[in-house]
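Structure record follows, encoded as structure tokens.
Chain naming here is simple, since letters A, B, ... match the order of the sequence lines and numbering starts at 1 in each.
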Amino acid sequence: MPGVEVIAEGVVKTYSGGTTALRGVDLEAPRGRITTLLGPSGCGKTTLLKVIAGLERPDRGRILFDGRDVTGLPPERRNVGFVFQDLALFPHLNVFENVAFGLRVRRLPDPEVRRRVRWALELVGLDPGEYGSRRVNQLSGGQQQRVALARALVVEPSVLLLDEPFAHLDYKIKQRLLLELKRIQRETGATVVYVTHDQNEAMSVSHRIAVMRDGLVVQVGDPVEVYERPANSFVASFFGEANILPGEGGFIVVRPESVRLLGPGEDGVDYRLAGVVDDVVFQGPLVYVYVRVNGSTVRAALPRGAPTPSVGDRVVVGWSRRDARVVAE
Amino acid sequence: MKPRPSAVLAPMALFLAAFFYAPFIVLAYQSLQTPGGRGVTLENYLTVFRDPAYFKVVLSSLAIAGETTLATLALALPAAYYIARMSGPREGPILLALLLTPFWVDVLLRSFALKSIIYTLGMREGYAAMMVGMVYEYLPIMFLPIYASMLRIPESAVAAARVLGATPRDVTLRVVLPLTLPGIVAGSALVLLMSMTEFVVPALLGGTKGFTVGSLIYYLFLSGGLWGVGAALAVLLTAALTVAAFLLARRAGGELAW
Amino acid sequence: MVEAGRRLARLYTYALIAALYAPIVVMAAYSFDDSKFFGVWGGFTARWYRLLAHDPQAWEALRNSVAVAVASALISTALALPAALSTRKVDRDLASLLTYPPVIMPEITEAVALMIMFLKLGFPLGVVSVVIGHTAFNVAYAYVALTPAGSSGARLAMAARTLGAGPLEAFLRVAVPVSMPGIVAALALTFMMSFTDFTKTLFTKGPGFVTLPILIWNRARRPGLSPYTSQPAIAALSTVLVAMSIAVAFTFTLYQARRQPGRGGA
């Protein structure tokens with residue numbers, strides 16, 4: 001079931017209380033790809049997802065599925081899959097009937113329903129025989145997550161929309177489900193729009209990332225592109241870690257792993273600054289060194305095992321021109 | 001070791017033990033006494049079931065209670081749906097308060113008030129007038145658990161159903177109503193059992209028609225002096241209500257609490 | 001179509017609520033009716049209220065009702081307050097368990113049981129037995145009205161203890177003021193429940209003791225013999241009581257409804 005291409009054009013949404021959630025958003029979610037909406041809470045990413053699903057009606061702007069305008073369609077006629085942050089499993093139905101819900105309201109014949117529910121449960125890694133008749137509140141968080149995913153996938157949606165689906169799970173289960181989500185997306189060729197505020201999640205799953213802030217998309221691109229060429233200091237600090245230093249024409253953005261600690265007489269950098277070590281923090285494979293330089297702090301991420309200075313040492317940090325990026329704001 | 005309740009509970013707990021719970025034990029004891037007051041007997045309970053005069057009252061009372069239950073259910077359901085799931089954020093609490101406020105006015109006053117309308121409509125006391133009074137009295141008791149169930153249905157469950165292709169009608173039939181079932185069961189059980197004990201409404205609006213178990217208890221104690229049978233009836237009602245309430249409280253998980 | 005359904009449901013709900021208040025409004029109208037019977041309009045008059053003002057039995061009943069209601073409100077709130085201030089789960093579970101039956105048990109069985117106990121014990125029926133009878137259900141309502149404010153009062157009292165306040169000081173300077181909305185609600189609610197109570201009073205009053213609802217019952221059951229027992233006269237008496245109940249009850253239920261968690265944001 002190859003998905004559709006989803007386009008949002010100039011979407012504006014103001015809530016009745018007067019808060020503006022979306023201030024003219026343009027977004028393109030390519031067919032058969034995972035597009036992530038990344039941003040802090042309140043940036044409008046969930047609202048955009050609901051507008052795509054038809055759960056919210058935009059004040060202005062259009063939503064196109066493969067070029068077809070669906071803006072006026074109610075949610076039940078858009079054929080989308082939606083995984084809610086709280087999952088929204090139906091407590092009065094068992095696992096099988098939860099997954100079957102979308103097929104039942106489409107009045108599909110029973111054998112067809114059984115076949116497709118079995119397919120969807122197997123797709124998400126749940127044994128239909130073992131889990132089908134369970135009550136949903138008897139499942140673990142990860143299993144409930146899989147049921148919600150199966151329920152969304154079973155209708156072969158044009159686009160699968162996920163609203164921070166793994167936010168409440170343990171780190172390890174989250175990592176495993178992220179990998180499975182990618183596998184399922186590859187197998188089905190679905191178009192996926194994934195909402196998160198977690199940059200690590202965004203890096204793990206996305207083909208394409210749209211960074212949002214205050215109801216606007218501030219940058220779109222593939223993860224490497226956004227990481228290496230952030231459009232502004234907000235994107236730089238929200239997507240990955242960044243040193244943001246005042247410089248000519250705005251700010252200089254340098255990733256900590258591009259910052260080097262220079263020994264006496266060592267060269268090969270375009271910029272160099274002298275300072276004093278404020279703190280040294282061990283973080284697994286990396287060691288972060290915080291260096292105070294003229295009132296600002298520069299973080300350098302060194303591989304573990306590299307020679308590490310101590311707090312109070314005078315050091316020189318530097319980086320090369322191609323690793324630094326100047327942004328206006 | 002299980003934690004023990006604190007002493008701060010004592011004033012309330014002791015008072016309730018002495019003046020709410022202990023009387024029921026005395027009542028149970030009374031129901032096992034012969035009219036002469038010597039020895040223990042099941043006579044009073046047997047009378048309730050054997051004597052056609054009593055049994056007829058139990059049956060007619062069940063009929064009145066059943067009709068009251070069905071009527072209040074039909075009337076409460078749409079209003080609960082509207083207030084819980086369709087009303088505006090300011091409108092909802094006001095409608096709720098308006099709907100529940102009459103519940104706090106004593107049944108005596110409300111029955112008398114109803115009389116004024118019934119006379120205005122050209123009706124007089126009788127079965128129909130009594131049924132109107134019963135519905136008036138028990139509507140909030142049916143409404144509250146249903147409303148509570150509906151309020152608890154998460155908005156996302158409805159949104160999930162819509163996204164999965166359910167029309168608003170499908171949502172009502174396949175999501176909202178099934179999830180309201182515990183409230184419907186709780187409300188029906190409460191109205192059924194409580195309306196059997198009603199004696200004010202039949203006395204003021206029933207005329208010569210309509211005699212409930214409650215009316216019977218009233219006459220047995222305050223006019224007839226047949227305490228033993230009256231106590232047996234009261235014990236049976238209390239037992240039925242207690243069993244129903246605890247079953248519901250366990251299954252519905254707090255639909256009954258307000 | 002969805003919008004049409006919503007409008008229909010709204011219309012229905014408004015009509016239902018109107019129907020709930022119609023009898024009260026109509027009764028209030030008849031209390032100003034110059035004819036002696038419901039269903040006949042004989043022109044406007046305030047004579048039933050004048051009659052009421054010069055009715056010695058009504059004044060006695062009023063005095064009794066107020067005395068019983070004040071006593072029961074104070075006692076039941078005082079009994080429930082310590083329990084409502086506990087933050088421990090064991091206490092709350094036990095308290096809910098204990099206060100649940102008095103709320104749902106039909107009043108007549110409760111009243112009959114208490115009457116038998118008093119008579120068996122040889123306890124004289126009268127004002128004291130009525131106050132005890134009212135308090136037996138009021139204490140449960142007081143607890144329910146007190147808990148929300150009470151628990152935050154208790155939490156803040158604990159904070160006060162960590163700041164150096166003694167137990168009594170924490171109770172008086174923090175717990176009680178913070179619980180004040182709950183205390184006021186509990187007092188108002190129990191006063192009203194007691195003031196308008198009929199069934200419990202009927203069974204526990206003994207001969208000769210009269211409250212306002214008992215007076216209404218006595219008069220409503222043998223109508224028309226004297227001006228006091230004519231329907232508009234009883235309507236006047238009832239209207240006064242109903243107006244008081246509704247004012248208190250609406251304030252209380254609105255306060256409860258506003259405090260309830262709303263439906264989750266869309």
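Heavy atoms from other residues, nucleotides or ligands lying under 6.0 Å from OH of Tyr127(B) number more than 12. The number of heavy atoms from other shown groups lying within 6.0 Å of CZ (Arg57(A)) does not exceed 12. Around CZ of Arg60(A), the count of heavy atoms belonging to other residues, nucleotides or ligands within 6.0 Å does not exceed 12.
For the pair Ser156(B) and Gln85(A), the minimum side-chain heavy-atom distance is 4.5 Å or more. Taking the side chain as every heavy atom from C-beta outward, Thr167(B) and Val105(A) never approach each other to under 4.5 Å. Contact check for Leu164(B) versus Arg151(A): side-chain heavy atoms found under the 4.5 Å cut-off. Between Leu179(B) and Phe90(A) the shortest side-chain heavy-atom distance does not fall below 4.5 Å.
With a threshold of 4.5 angstrom between heavy atoms, Phe82(A) approaches chain B through its backbone and through its side chain.
The shortest non-hydrogen separation linking Val163(B) to Gly81(A) is CG1-C, 4.2 Å. Nearest heavy atom pair, residue Ala157(B) against residue Ala88(A), reads N-CB, 3.7 Å. Here the closest heavy-atom approach between residue Ala166(B) and residue Glu76(A) is recorded as O-CB, 3.3 Å.
Atoms CZ and CZ, from Arg162(B) and Arg78(A) in turn, are 10.5 Å apart once rounded to the nearest 0.5 Å.
Under the 4.0 Å criterion applied to side-chain N and carboxylate O atoms, Arg106(A) and Asp170(B) are not assigned as salt-bridge partners.
Using modelled atom types, no side-chain atom of His92(A) and backbone atom of Leu177(B) make a donor-acceptor pair closer than 3.5 Å.
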